[in-house]
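What follows is a single structure, written as structure tokens, with notes after it.
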2 protein chains.
Amino acid sequence: MATIYDVARRAKVSASTVSRVLNGKQSVDATLAERVREAARDLDYRPNALARSLRRSQTHLWAVLVSDINNPFFTALVRGVEDVAQRSRYSVVLCNSDENPDKEASYIAAILAEQIAGVIISPTNRSGHLRQLLDADVPIVAIDRKARGARVDTVTVDNTEAAELATNHLLSEGFIRIACITGPRDISTAEERLEGYRQALRAAGREYDPRLVRYADFREQGGYTAMAELLDHTPRPDAVFATNNLLTVGALECMVDRGVRVPDDVGVFGFDDVPSATLIRPPLSTITQPTYDIGRTAAELLLRRIADPSRPPTLSVLPTHLHVRASSLKRPRGTESQR
Amino acid sequence: MATIYDVARRAKVSASTVSRVLNGKQSVDATLAERVREAARDLDYRPNALARSLRRSQTHLWAVLVSDINNPFFTALVRGVEDVAQRSRYSVVLCNSDENPDKEASYIAAILAEQIAGVIISPTNRSGHLRQLLDADVPIVAIDRKARGARVDTVTVDNTEAAELATNHLLSEGFIRIACITGPRDISTAEERLEGYRQALRAAGREYDPRLVRYADFREQGGYTAMAELLDHTPRPDAVFATNNLLTVGALECMVDRGVRVPDDVGVFGFDDVPSATLIRPPLSTITQPTYDIGRTAAELLLRRIADPSRPPTLSVLPTHLHVRASSLKRPRGTESQR
DNA sequence: CTGTTAGCGCATTCAG
DNA sequence: CTGAATGCGCTAACAG
């Protein structure tokens, strides 16, 4: 690979001049500038980002550290991040912590070592990883969940309200024993959605029955197992609220395997867009999140944080959308939609 | 951030000694080594990867550059890559070219600039991007598709054979007008799968009707539009072979919207695992690829290539699996499965 | 406006 | 076995 000195020699100028031309700093004589550009072109010169970053002690790389790369919710976000990043000349790399604190730790270490310019993360919250980033003054934005014990910019939706609306809908449809399958206890998203479910029951004067609540990891298998347990229990629930897309799919798979009919035997309300949702029968009632906007907003917050590290942390709460479809209707009545 | 000199000062040794201890090079006096480790711990010292990589002119980062981050086929791969990488102390970052040559070019530039140690890529093939990597001696493994005009290690499946098997199955079921929705012309995967379809028709003595073939981008929308065109045409096809998961989903969505029944009106055979496949009725016949193994194999090839840059390029062809289910059966007969 | 000098943090010669 | 010196490639002061 050609270095800046190779270019300088060929253009018969100093390395500084090459640097100035290529970075558009200061003004350089037009003739020289042209010579430099030509030399760079001839040599197919590519600045070594390592050297540049070392020198400037800052990179132009962002990392998006998600908890599950196989969850389309997270990959959909990335597009929003990329679009903002590109406009500001950052490159985006995606890392997968797999809800595994060890993997998360390892990526955090890499992020620190590589002097990454900014991080968008759905934190596992199981340890002080975020602290390390904060201590090293790495700009951070949390998405999807709140970072425990760390004041950082955060982009979420109003999970409690959304869950409450979904549960209210199930109640108003006349479902009696409504179960909830939620995520791990230490993830704010899981807690808040469960809380919304609870509030709806309370407001309706229903007794809260802990046997109708299942904690699972945010995976299909978790939803499947949780649903199986719920169905094995007597009396059975007649509806279920699942707090993310994979849990919803898992729960549905369990019901398919057991011949449980939706919504006749068990009504279903899900969270997030479910892959191939339009092909699933009956059509699925879900709360959806503005994934692209979540990514975009997180990226914009990151830009602001980079520009002004001392600004107070922001919490950005984006709107959800309630899609009522056949899976949550006591008797089929077609499809509606409301906020 | 503490530097190596800070650690050296605290341990009352030279920076060289710190470097030796922390990298396990040469033998260092046990007492000194312990002092160094303690000092490093006290200062929470983290080597600056930029400086180290600059010095060694090599990083410990791999990039996986996929053509569509929203396609679960590609994200599923990553797990296989990660597992191998981790064992060899590499970190994996994922970049999304979005089937967009410009985005690809921009990531290739970043990969070059960042001195990435190895690249696993599903190339768009629209320009000489791979050449740039090869010229810079960056180890590369192509996945999913063959790299045009570049001799690189490659991991694929036998697309032609798989497509032929699928089409043969449709033929043997008695479908007469079998359509094919395939991907862009310049992607080997799309070409080979189409070729398998052709070969099956030829072997069966069927005339090849180009009006039954549609090229689309490998997206849901592409499958939807292509299917709409096929359905608008007279006479209609009575079966369709879609050459990837998203095309399959798109085609199915179109049929749902138009009230076309599967398989009674149109039989369907898909490619790849389709998200939430088990929830889709009728169950979908598909050819599946061993995604995890593709990732793992690619990573292993990358390791070998890094160890020995001069070894001849390998083509690794992994087995596919044919899942015959109800969507491709003339009359429902339950579910079978064969190689 | 341009060139010289220095140093980012580290690993690796080379002496000792 | 250990330390001093050097340079990876680049940019930012500083002179000129």
Side-chain angles (χ1 to χ4, degrees), chain A residues 1-37 39-40 43-61 89 109-117 136-137, chain B residues 1-37 39-40 43-61 89 109-117 136-137:
Chain A
M1 289 282 272
T3 74
I4 200 169
Y5 288 103
D6 298 326
V7 178
R9 201 172 313 123
R10 189 173 236 269
K12 300 192 200 305
V13 297
S14 73
S16 324
T17 302
V18 176
S19 174
R20 287 182 192 116
V21 172
L22 268 30
N23 291 295
K25 305 271 182 179
Q26 300 183 220
S27 49
V28 175
D29 181 85
T31 323
L32 288 194
E34 188 43 47
R35 280 215 320 260
V36 167
R37 270 186 283 269
L43 295 172
D44 192 28
Y45 169 68
R46 295 159 184 289
N48 182 324
L50 259 30
R52 168 186 301 194
S53 301
L54 178 60
R55 180 59 233 245
R56 289 193 181 157
S57 37
Q58 55 160 319
T59 64
H60 61 125
L61 277 184
R89 318 206 129 261
I111 284 166
L112 249 21
E114 302 290 339
Q115 316 271 88
I116 295 294
D137 294 318
Chain B
M1 289 281 273
T3 75
I4 199 169
Y5 289 104
D6 299 326
V7 178
R9 202 173 311 126
R10 188 172 236 268
K12 299 194 199 307
V13 296
S14 73
S16 326
T17 301
V18 176
S19 174
R20 287 181 192 117
V21 171
L22 268 29
N23 291 295
K25 304 272 183 181
Q26 299 184 222
S27 51
V28 175
D29 181 86
T31 324
L32 288 195
E34 187 43 46
R35 280 220 314 264
V36 167
R37 270 186 282 270
L43 295 172
D44 191 29
Y45 169 67
R46 296 161 183 288
N48 182 324
L50 258 31
R52 167 186 301 197
S53 301
L54 178 60
R55 178 60 233 245
R56 290 193 179 157
S57 38
Q58 55 160 321
T59 63
H60 61 123
L61 235 43
R89 316 205 132 263
I111 284 167
L112 249 21
E114 302 290 339
Q115 314 273 90
I116 295 294
D137 293 318

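Convention: sequence-line order gives letters A, B, ...; per-chain numbering from 1.
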Task: Closest non-hydrogen atom pair, B:Pro47 against A:Ala113 - done: O-CB, 3.9 Å
Open item on the list: Counting only side-chain nitrogens and oxygens, does B:Ser14 get under 4.0 Å of the OP1 or OP2 atom of D:dG3?
Closed with: yes
TODO: May I ask you to evaluate whether B:Thr3 reaches the phosphate of C:dG9, defined as a side-chain N or O under 4.0 Å from OP1 or OP2?
DONE: no
TODO: Specify the residue among A:Ala51 and A:Leu32 whose closest nucleotide of DNA chain C lies further upstream toward the 5′ end.
DONE: A:Leu32
TODO: I would like to know whether B:Arg52 and B:Asn23 meet side-chain contact (heavy atoms from CB on, under 4.5 Å); could you show each step before the answer?
DONE: CA-CA 11 Å; B:Arg52 167 186 301 197; B:Asn23 291 295; 3.8 Å; yes
Open item on the list: Can you work out whether A:Asn23 or B:Asp29 has the more 5'-proximal nearest nucleotide on DNA chain D?
Closed with: B:Asp29
TODO: Check the distance between D:dG9's P and A:Leu43's CG and give it to me in whole angstrom.
DONE: 14 Å
Open item on the list: Under 4.0 Å from OP1 or OP2 of D:dA4: is there any side-chain N or O of B:Tyr5 that close?
Closed with: no
Open item on the list: Between P on C:dA11 and CG on B:Leu54, what's the gap in Å once rounded to a whole number?
Closed with: 11 Å
Open item on the list: Without decimals, in angstroms, what is the distance between B:Ile4 CD1 and C:dG7 C1'?
Closed with: 16 Å
TODO: Check every atom of C:dG9, C:dA11, D:dT2 against the side chain of B:Ser19 and return the nucleotide holding the closest atom.
DONE: C:dA11
TODO: May I have the distance from B:Lys25 (atom NZ) to D:dT2 (atom P), rounded to whole angstrom?
DONE: 17 Å
Task: Proximity to the side chain of B:Thr17 - top-ranked nucleotide from C:dC10, D:dT2, C:dG9 - done: D:dT2
Task: Pairwise 5' ranking along DNA chain C for A:Arg56 and A:Val28, keeping only the more 5' one - done: A:Val28
- [ ] Check whether any side-chain heavy atom of A:Glu114 sits under 4.5 Å from a side-chain heavy atom of A:Thr59, and report yes or no.
- [x] no
Open item on the list: So, under a plain 3.5 Å distance rule, would you say the side chain of A:Arg55 forms a donor-acceptor pair with the base of C:dG9?
Closed with: no
Open item on the list: Base of D:dG9, side chain of A:Arg46 - is there a donor-acceptor contact under 3.5 Å?
Closed with: no
Open item on the list: The side chain of A:Arg20 is closest to which nucleotide in this list: C:dA11, D:dG3, D:dC14?
Closed with: D:dC14
TODO: Take the protein atom CD of B:Gln115 and the nucleotide atom C1' of C:dC10, then report the distance between them rounded to whole Å.
DONE: 15 Å
Task: Minimum-distance nucleotide to B:Ser16 side chain [options: C:dC1, C:dC10, C:dT12] - done: C:dT12
TODO: Compute whether any side-chain donor of one residue and acceptor of the other, for B:Ser19 and B:Ser16, lie under 3.5 angstrom apart.
DONE: no
TODO: Please round to the nearest 0.5 Å and tell me the distance separating atom CG of B:Leu112 and atom CZ of A:Arg46.
DONE: 5.0 Å
Open item on the list: Working to the nearest 0.5 angstrom, can you tell me the gap between A:Asp44 CG and A:Met1 CE?
Closed with: 7.5 Å
Task: Integer-rounded Å distance: D:dC10 C1' and A:Asn48 CG - done: 8 Å
Open item on the list: Could you tell me how far apart B:Tyr45 (OH) and C:dG9 (C1') are, to the nearest whole angstrom?
Closed with: 7 Å
TODO: Nearest whole angstrom, please: distance from the C1' of C:dG9 to the CG of A:Leu50.
DONE: 12 Å
Open item on the list: If you compare every side-chain N and O of A:Arg52 against the phosphate oxygens of D:dG9 (OP1, OP2), does one of them come in below 4.0 Å?
Closed with: no
